[in-house]
> 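Below is the structure I would like to discuss, written out as structure tokens.
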Amino acid sequence: MKNYEIGKITEFNAAKFFSKHDYWVYQFPKTQAGQPADLIVIKNNKATLVEVKHCKSDRFSLNRIEPNQLTTYKFFKSKGNTSHKILIAFK
């Protein structure tokens, strides 16, 4: 299975997890330019950006977080939103 396919499955499972825990979930569509996060989840009027990463090993390298994502997280928080999260799924 290709990395892209594994990533899509991991994102789908993350969205399903949040939905089962009473979050409203929106999955950002993939574009060639990229997107600021994979999901936005909202519960009790608190929004959280979620980036979903799948790891084939037992380590996660911070260089997998893209510069545009860091900028988006800072802007998102500066506007009064609660937070951002990185959900890491290990093999």
Side-chain angles (χ1 to χ4, degrees):
M1 190 175 296
K2 296 179 182 178
N3 286 344
Y4 175 78
E5 294 167 334
I6 293 169
K8 291 298 289 179
I9 291 168
T10 305
E11 289 173 24
F12 175 80
N13 288 336
K16 196 162 66 169
F17 170 84
F18 283 108
S19 183
K20 283 183 180 180
H21 288 87
D22 299 324
Y23 284 83
W24 177 86
V25 179
Y26 176 77
Q27 189 169 3
F28 287 96
K30 296 280 186 212
T31 66
Q32 285 186 328
Q35 76 269 15
D38 293 314
L39 309 171
I40 186 165
V41 298
I42 301 172
K43 185 175 181 178
N44 299 327
N45 294 322
K46 294 182 182 179
T48 302
L49 287 177
V50 180
E51 177 64 22
V52 180
K53 299 289 188 185
H54 183 270
C55 294
K56 292 182 180 178
S57 69
D58 61 348
R59 294 179 182 225
F60 176 75
S61 176
L62 292 178
N63 68 1
R64 290 187 57 193
I65 303 169
E66 300 168 19
N68 70 320
Q69 292 171 324
L70 292 174
T71 301
T72 299
Y73 298 154
K74 289 176 186 174
F75 182 75
F76 185 75
K77 195 166 184 178
S78 77
K79 297 301 176 186
N81 295 295
T82 56
S83 64
H84 62 277
K85 305 288 184 218
I86 300 174
L87 185 147
I88 305 170
F90 293 97
K91 185 175 180 180

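All figures in this text were calculated on a predicted structure; none of them were measured in a lab.
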> Could you state the interatomic distance from NZ (Lys77) to OG1 (Thr48), rounded to the nearest 0.5 Å?
10.5 Å
> Can you give me the closest heavy-atom contact between Val52 and Asp38, atom names plus distance?
N-OD2, 2.7 Å
> If you group Ile, Leu, Val, Met, Phe, Trp and Tyr by side-chain heavy-atom gaps below 4.5 Å, do Leu49 and Phe75 land in one group?
no
> On a heavy-atom basis, which atom in Leu39 and which in Ala14 lie closest, and how many Å separate them?
CD1-CB, 4.0 Å
> Would you find a donor on one side and an acceptor on the other, under 3.5 Å apart, between the side chain of Ser19 and the backbone of Lys16?
no
> Flag yes if Phe12 and Ile9 sit in one hydrophobic cluster, no otherwise; membership is Ile, Leu, Val, Met, Phe, Trp, Tyr, and two members link when side-chain heavy atoms are under 4.5 Å apart.
no
> Output the distance between atom OH (Tyr23) and atom CG (Asn44), rounded to the nearest 0.5 Å.
8.0 Å
> How about NZ on Lys74, more than 12 heavy atoms from neighbouring residues, nucleotides or ligands closer than 6.0 Å, or not?
no
> So does His21 get a backbone contact from the side chain of Lys43, meaning a donor-acceptor N/O pair under 3.5 Å?
yes
> Please list, chain by chain and in numerical order, all residues satisfying ring-ring contact (aromatic ring centres under 6.0 Å, His included) with Phe28, sequence neighbours excluded.
Tyr26
